[in-house]
Student: 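Got a structure here, written out as structure tokens. Questions coming.
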Amino acid sequence: MSRRAESDETRATARPGREDGDRPDPPGRGGRPDRDDRDSRDDRGRTAADADARPDQPGADAAAEPVRTEEAHITAARTGRALTTSALHAAATGADTFPAVLREALGRRGLSLERVSERLKARGITISQATLSSWQRGRSQPERARSLRAVDVLEEILDLPAGTLRSLLGPRRPRGRTTPPGAEGAALQILGEDSVVEKALGARFRHFNQETSSLMVHDIVRIGESGTMSGFSTTNVLRAGRAGADRALFVLSFDDEAAEPVDIRVTCGRLTEATYLKGLKSLVLEIHFGRKLAKLDTTVVSYAVEVSPSLTPATHYERWSRTNLHEYLQQVYFHPGALPVDCHRYVREKVGAPPRAQRRIPLGAAHDVHVLTSRCKPGVHGVAWEYGP
């Protein structure tokens with residue numbers, strides 16, 4: 001199995017079509033900006049930090065499955081020079097927002113967007129699946145008269161009390177065509193639509209690490225005697241693109257359900273959120289810098305995560321990045337009893353794309369391999385290995 005860490009980069013693919021003039025959220029409005037750097041790793045060992053996100057999952061036409069409370073675990077951490085979290089406990093992760101309540105209601109009723117669109121049409125209201133999808137993801141909101149009528153009917157279809165959804169609509173947004181914010185657009189180019197990262201962050205994905213970008217990233221991955229990943233650590237040098245940046249988000253994704261974070265330690269920064277979404281096999285970390293950065297100021301974030309044993313050996317580690325990194329260093333340490341027979345580096349243009357620029361890399365005296373990339377371009381950067389028979 002493999003794990004992928006994601007950086008602060010995001011993919012920029014075509015957005016779902018909008019009807020009846022519903023507007024997308026303008027850049028920089030609503031909610032707190034999500035940092036440019038996030039890490040998601042697969043249990044097998046692949047990572048995409050600061051642009052770390054797992055491969056996208058299909059399902060644009062289906063209602064996004066709400067993350068159940070019992071599948072979400074959050075680690076509470078105390079302020080200190082080093083934060084250690086060794087117990088994950090259940091916690092609710094939903095928010096009382098229009099997209100979140102709509103998604104939850106759709107999931108509870110078990111209705112696909114296609115069915116909902118058909119039911120609305122039977123009531124004389126034409127709203128496409130793409131528009132419904134944009135509503136439930138928070139990319140646009142109902143504003144015109146026809147859309148507001150659709151919201152009223154949706155409350156009936158979804159067995160919600162009258163006014164439940166209407167009361168959650170925000171103020172009318174500026175008219176005119178807008179483009180995805182830079183951070184979101186870049187991430188979409190690498191991750192694609194409906195990625196695990198987007199689902200894990202929800203409405204925060206729109207501003208994912210928009211105030212910062214990564215300059216340098218150093219990943220260290222440790223493979224245990226059974227060939228499974230035992231843990232990883234990341235050091236990330238971030239630069240503020242605007243004054244006031246004070247935190248960053250990281251999304252770590254795992255391939256194997258058995259591989260879960262069991263301990264989180266932050267040595268540079270202050271851990272304020274550690275939420276494990278079992279249904280998405282992803283860990284969301286929010287780390288505060290301890291101060292507000294001035295524009296172009298830099299800060300260092302370092303964290304380490306111990307992982308429970310997975311069911312199958314790790315075979316690769318990836319990190320995706322939506323921006324150019326000045327330098328990216330990957331190191332993988334193998335247990336002497338689980339040495340690979342072959343290791344190679346590779347690059348993908350985006351998640352799910354075929355690997356290219358593959359090159360063998362030698363095993364070092366410390367039973368490790370490393371890849372140092374200067375002027376690292378946006379994309380997915382990985383190390384893969386094979387074990388003998």
Side-chain angles (χ1 to χ4, degrees), residues 3-9 34-42 45-53 75 77 79-85 208-209 211-223 229-241 245-253 261 263-274 283-291 293 296-307 317-333 345 364 366 368-376 378 380-383:
R3 181 181 64 188
R4 173 176 306 135
E6 303 181 285
S7 309
D8 52 345
E9 320 328 4
D34 304 309
R35 304 309 178 235
D36 285 331
D37 294 275
R38 44 179 177 173
D39 301 26
S40 66
R41 304 185 169 94
D42 318 60
R46 77 185 157 187
T47 302
D50 209 71
D52 322 285
T75 298
T79 304
R81 285 176 296 177
L83 305 176
T84 303
T85 59
F208 180 58
N209 292 340
E211 293 185 340
T212 60
S213 60
S214 291
L215 297 179
M216 294 182 289
V217 178
H218 181 192
D219 285 329
I220 297 177
V221 183
R222 299 190 181 278
I223 305 300
M229 179 183 297
S230 59
F232 60 88
S233 62
T234 294
T235 298
N236 200 323
V237 180
L238 300 161
R239 180 169 62 191
D246 64 353
R247 73 195 72 189
L249 282 171
F250 303 87
V251 179
L252 318 175
S253 298
D263 192 70
I264 303 166
R265 184 178 180 85
V266 175
T267 52
C268 283
R270 178 167 56 88
L271 182 65
T272 55
E273 177 188 347
L283 173 66
V284 177
L285 301 179
E286 181 181 78
I287 298 177
H288 280 234
F289 307 147
R291 63 187 176 95
L293 304 181
L296 301 183
D297 201 357
T298 59
T299 190
V300 177
V301 170
S302 295
Y303 58 87
V305 179
E306 291 183 16
V307 183
Y317 180 88
E318 292 180 348
R319 171 174 288 273
W320 69 267
S321 179
R322 61 179 173 82
T323 60
N324 292 307
L325 297 175
H326 288 197
E327 191 170 84
Y328 175 44
L329 174 61
Q330 280 180 314
Q331 286 182 283
V332 182
Y333 286 88
R345 60 182 297 181
D368 72 308
V369 294
H370 79 275
V371 176
L372 176 62
T373 306
S374 299
R375 297 179 181 178
C376 188
V380 180
H381 303 268
V383 172

Student: Ala248 and Leu238: which non-hydrogen atoms are nearest, and at how many Å?
Tutor: CB-CD1, 4.0 Å

Student: Run the numbers on Arg265 and Glu306 for side-chain contact (heavy atoms from CB on, under 4.5 Å), then give the verdict.
Tutor: CA-CA 9 Å; Arg265 184 178 180 85; Glu306 291 183 16; over 6 Å; no

Student: In chain order, what residues pass the side chain to side chain donor-acceptor pair (under 3.5 Å) check against Asp368, with sequence neighbours excluded?
Tutor: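 Side chain to side chain donor-acceptor pair (under 3.5 Å) check on Asp368 returns nothing, list empty.
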
Student: For Arg345, what residues pass the side chain to side chain contact (heavy atoms under 4.5 Å, CB included) criterion, not counting sequence neighbours?
Tutor: Arg359, Ile361, Val371, Thr373

Student: Name all residues meeting the side chain to side chain donor-acceptor pair (under 3.5 Å) criterion together with Arg291; count only those two or more places apart in sequence or in a different chain, and write none if there are none.
Tutor: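 For Arg291, the residues satisfying side chain to side chain donor-acceptor pair (under 3.5 Å) (neighbours in sequence not counted) are Asp297.
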
Student: Are Gln331 and His218 linked by a side-chain donor-acceptor pair shorter than 3.5 Å?
Tutor: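 Yes, side-chain donor-acceptor contact under 3.5 Å.
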
Student: Does the side chain of Thr323 come under 3.5 Å of the side chain of Ser213 through a donor N or O and an acceptor N or O?
Tutor: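 On atom types as modelled, these side chains do not qualify, holding no pair under 3.5 Å.
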
Student: Which heavy-atom pair separates Val300 from Cys268 by the least distance, and what is that distance?
Tutor: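 Of all heavy-atom pairs spanning Val300 and Cys268, the closest is O-CB, 3.4 Å.
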
Student: Only counting residues at least two apart or in another chain, list the ones meeting side chain to side chain donor-acceptor pair (under 3.5 Å) with His370.
Tutor: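 Applying side chain to side chain donor-acceptor pair (under 3.5 Å) to His370 gives none.
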
Student: Aromatic rings His381 and Tyr328: how do their planes relate, parallel, tilted or perpendicular, breaks at 30° and 60°?
Tutor: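 Taking Tyr328 first and then His381, their aromatic rings stand perpendicular (interplane angle over 60°).
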
Student: Once side chain to side chain contact (heavy atoms under 4.5 Å, CB included) is applied, do any residues pair with Ser230, and if so which ones, sequence neighbours excluded?
Tutor: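 For Ser230 the side chain to side chain contact (heavy atoms under 4.5 Å, CB included) partners, ignoring immediate neighbours, are Arg222.
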
Student: Show, in sequence, the C-alpha distance, side-chain angles and deciding distance for Tyr333 and Val369, and conclude whether the side-chain contact (heavy atoms from CB on, under 4.5 Å) test is met.
Tutor: CA-CA 7 Å; Tyr333 286 88; Val369 294; over 6 Å; no

Student: Please find the pair of heavy atoms, one from Leu283 and one from Ala274, that lie closest to each other, and give the distance.
Tutor: CD1-C, 4.2 Å

Student: Could I get the full list of side chain to side chain contact (heavy atoms under 4.5 Å, CB included) partners for Ala240, not counting sequence neighbours?
Tutor: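 Ala240 satisfies side chain to side chain contact (heavy atoms under 4.5 Å, CB included) with Ala245, Leu293 once adjacent residues are dropped.
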
Student: Taking all non-hydrogen atoms of both residues into account, name the closest pair between Thr272 and His288 and its distance.
Tutor: OG1-CD2, 3.1 Å

Student: How close do Asn324 and Pro378 get, heavy atom to heavy atom, and via which atoms?
Tutor: OD1-CD, 3.0 Å

